[in-house]
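Small disclaimer: the values here were computed from a predicted structure and weren't measured. Heads up: numbering here begins at 1 and tracks the sequence. Atoms within a ligand are numbered from 1 in the order they appear, just like the ligands themselves. Side chains included, hydrogens not; waters and symmetry mates left out as well; all remaining heavy atoms used.
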Amino acid sequence: MQGKISGVSLGPGEPELITLKALKALQEADIIYCPGTQTKSRSRDILQALPISMKEVRLFHVPMSKDRTLANQTYDAICTEIAALVSTGKNIAITAEGDSGFYSSVNYMFDKLTSMGFPITTIAGVPAFIAAGAISGLHIVKQEEKLVVLPGIVTAEELDSLLTSGHVVVIMKLSQCTDEIHRFMQANRQHEFHYYENVGTLSELHETDKRSILNRTFPYFSLMIIQPHII
Ligand code: SAH
């Protein structure tokens, strides 16, 4: 009998923000695959705070680079390992931080395993920007406003065009576009800038003061929500 594979979304960091369905899938899994290294894994930090056994958690380290060759080789090796386990009837969970369908590179593995004949059931999770809105009591988009999410590839001109036409903008992967964000903020102080770091963890930060935001080095787990103020 073939086992099952679940793509389990863990939410942004706060263990209580996992769904009941995701927790159940983790509890039913024989082996849990989790991105990270021995010293650093946001996903493992979440797992450790949940009522599950950590015995069968296997960490995998995915090299981060624009060139995906090395990352894909890592994923290919794990897929081969998972395929062998599932064939012997093991249930596998593959975790992803936030929501697994939202800018998550584990989808490479989901696609690969599906094409190998091992279908994945994915379980929805709370994306980081939604949790960010909640910790700051933000009504992220109201009435007829439109929301645009940008994955760290952005120019000051693009931001200007989106905000002056009334869009609310979420910028993920801020560390990839620090200079452009600075350029935009310096020239457009009228908008409302909400900057977040490590939402749902002990080092969580929400900052709206423009000078303080400009003085920070944006870490990997940071994002911004900009609400338009048109004058
Ligand atoms: N699947 C995730 C997004 C992964 S892309 C989700 O649903 O949210 C990684 C980017 O997400 C980071 O660069 C950062 O911009 C954002 N992010 C993820 N978790 C975060 C957190 N806890 N706090 C702030 N930003 C976070």
Side-chain angles (χ1 to χ4, degrees), residues 6-19 21-23 25-26 33-37 40-50 60-66 68 71 75 93-111 120 122-138 140-141 147-154 158-159 168-182 184-185 193-208 212-213 216-226:
S6 308
V8 182
S9 303
L10 299 178
E14 191 178 342
E16 288 189 1
L17 283 184
I18 192 168
T19 64
K21 188 169 180 176
L23 179 59
L26 292 172
Y33 281 85
C34 171
T37 64
K40 207 164 146 223
S41 168
R42 176 62 55 89
S43 296
R44 184 190 45 195
D45 293 346
I46 300 171
L47 293 178
Q48 266 167 344
L50 296 171
F60 60 91
H61 175 55
V62 183
M64 283 225 220
S65 156
K66 279 247 179 305
R68 301 303 294 165
Y75 281 140
I94 305 172
T95 63
E97 184 263 337
D99 178 75
S100 73
F102 195 70
Y103 294 117
S104 184
S105 65
V106 288
N107 281 273
Y108 176 89
M109 278 209 283
F110 296 173
D111 292 344
I120 318 281
T122 49
I123 300 171
V126 177
F129 81 93
I130 293 291
I135 63 158
S136 49
L138 206 65
I140 300 175
V141 267
L147 178 74
V148 177
V149 182
L150 302 169
I153 305 156
V154 54
E158 186 182 6
L159 284 175
V168 174
V169 177
V170 171
I171 309 169
M172 319 275 297
K173 306 184 187 178
L174 273 194
S175 50
Q176 292 181 10
C177 55
T178 307
D179 293 347
E180 288 301 303
I181 303 279
H182 280 191
F184 180 72
M185 287 184 73
F193 295 88
H194 290 267
Y195 168 78
Y196 304 88
E197 269 177 36
N198 298 312
V199 172
T201 70
L202 290 174
S203 50
E204 171 177 289
L205 175 87
H206 169 226
E207 181 62 79
T208 53
S212 305
I213 299 173
R216 294 196 76 81
T217 304
F218 303 150
Y220 176 72
F221 285 109
S222 64
L223 64 88
M224 196 178 275
I225 302 177
I226 315 176

**Prompt:** Which of the atoms of ligand 1 are close to R42, meaning less than 4.0 Å from one of its heavy atoms?
**Reply:** 22 (N)
**Item:** Contact check, G200 vs ligand 1, heavy-atom distance below 4.0 Å
**Value:** no
**Asked** Given M224, Q176, E97, which one has a non-hydrogen atom that is nearest to atom 2 (C) of ligand 1?
**Response** E97
**Test side chain to side chain contact (heavy atoms under 4.5 Å, CB included) applied to L147 and I225, V169, V141, the passing residue** = V141
**Asked** Where does S222 meet ligand 1, judged by heavy-atom distances below 4.0 Å: at the side chain, the backbone, both, or neither?
**Response** backbone
**Protein heavy atom at shortest distance from atom 5 (S) of ligand 1** = Y103 O, 3.3 Å
**Prompt:** Of all the non-hydrogen atoms in the protein, which one sits nearest to atom 23 (N) of ligand 1, and at what distance?
**Reply:** V199 N, 2.9 Å
**Prompt:** Distance from Y196 atom OH to L138 atom CG, nearest 0.5 Å?
**Reply:** 4.5 Å
**Request:** Ignoring angles and geometry beyond distance, decide whether S104 reaches within less than 3.5 Å of ligand 1 through its nitrogen or oxygen atoms.
**Result:** no
**Asked** Has the side chain of S212 got a donor or acceptor atom that lies under 3.5 Å from a matching backbone atom of T208?
**Response** no
**Per-atom contacts of ligand 1 with N198, taking only distances under 4.0 Å to non-hydrogen atoms** = 22 (N), 23 (N), 24 (C)
**Request:** Please examine the side chains of E97 and F221, heavy atoms only from C-beta on, and report whether any two atoms are closer than 4.5 Å.
**Result:** yes
**Message:** Determine whether a donor-acceptor pair (N or O, by modelled atom type, separation under 3.5 Å) exists between the side chain of S9 and the backbone of A96.
**Reply:** no
**Item:** atom 24 (C) of ligand 1: nearest protein contact (heavy atom, Å)
**Value:** F221 O, 3.2 Å
**Distance from atom 20 (C) of ligand 1 to nearest protein heavy atom, with residue and atom** = A128 CB, 3.4 Å
**Asked** Are E204 and ligand 1 in contact, using a heavy-atom cut-off of under 4.0 Å?
**Response** no
**Request:** Find out whether Y108 and R68 are in side-chain contact, i.e. whether some heavy atom of one side chain is under 4.5 Å from a heavy atom of the other.
**Result:** no
**Prompt:** Which of these passes side chain to side chain contact (heavy atoms under 4.5 Å, CB included) with V8: L47, I94, L26?
**Reply:** L26
**Message:** Looking only at protein heavy atoms, which one is nearest to atom 7 (O) of ligand 1, and what is the separation?
**Reply:** D99 N, 2.8 Å
**Request:** Could you tell me whether G98 and ligand 1 have an N or O pair separated by under 3.5 Å?
**Result:** no
**Asked** Are the side chain of N198 and the backbone of E204 linked by a donor-acceptor contact shorter than 3.5 Å?
**Response** no
**Message:** With nothing but distance in play, are any N or O atoms of Y220 less than 3.5 Å from an N or O of ligand 1?
**Reply:** yes
**Message:** Is it the case that ligand 1 has an N or O less than 3.5 angstrom from some N or O of F102?
**Reply:** yes
**side chain to side chain contact (heavy atoms under 4.5 Å, CB included), paired with R44, selected from Q48, K40, R42** = Q48
**Request:** Would you check the N or O atoms of M172, main chain and side chain alike, for any that come under 3.5 Å of an N or O of ligand 1?
**Result:** no
**Request:** Please work out whether any backbone atom (N, CA, C, O) or any side-chain heavy atom from C-beta onward of T201 is under 4.0 Å from ligand 1, and answer side chain, backbone, both or neither.
**Result:** neither
**Request:** Please determine, by modelled atom types, if Y75 and S105 share a side-chain donor-acceptor pair under 3.5 angstrom.
**Result:** yes
**Asked** Is there a side-chain contact between Y103 and V149, using heavy atoms and a 4.5 Å cut-off?
**Response** yes
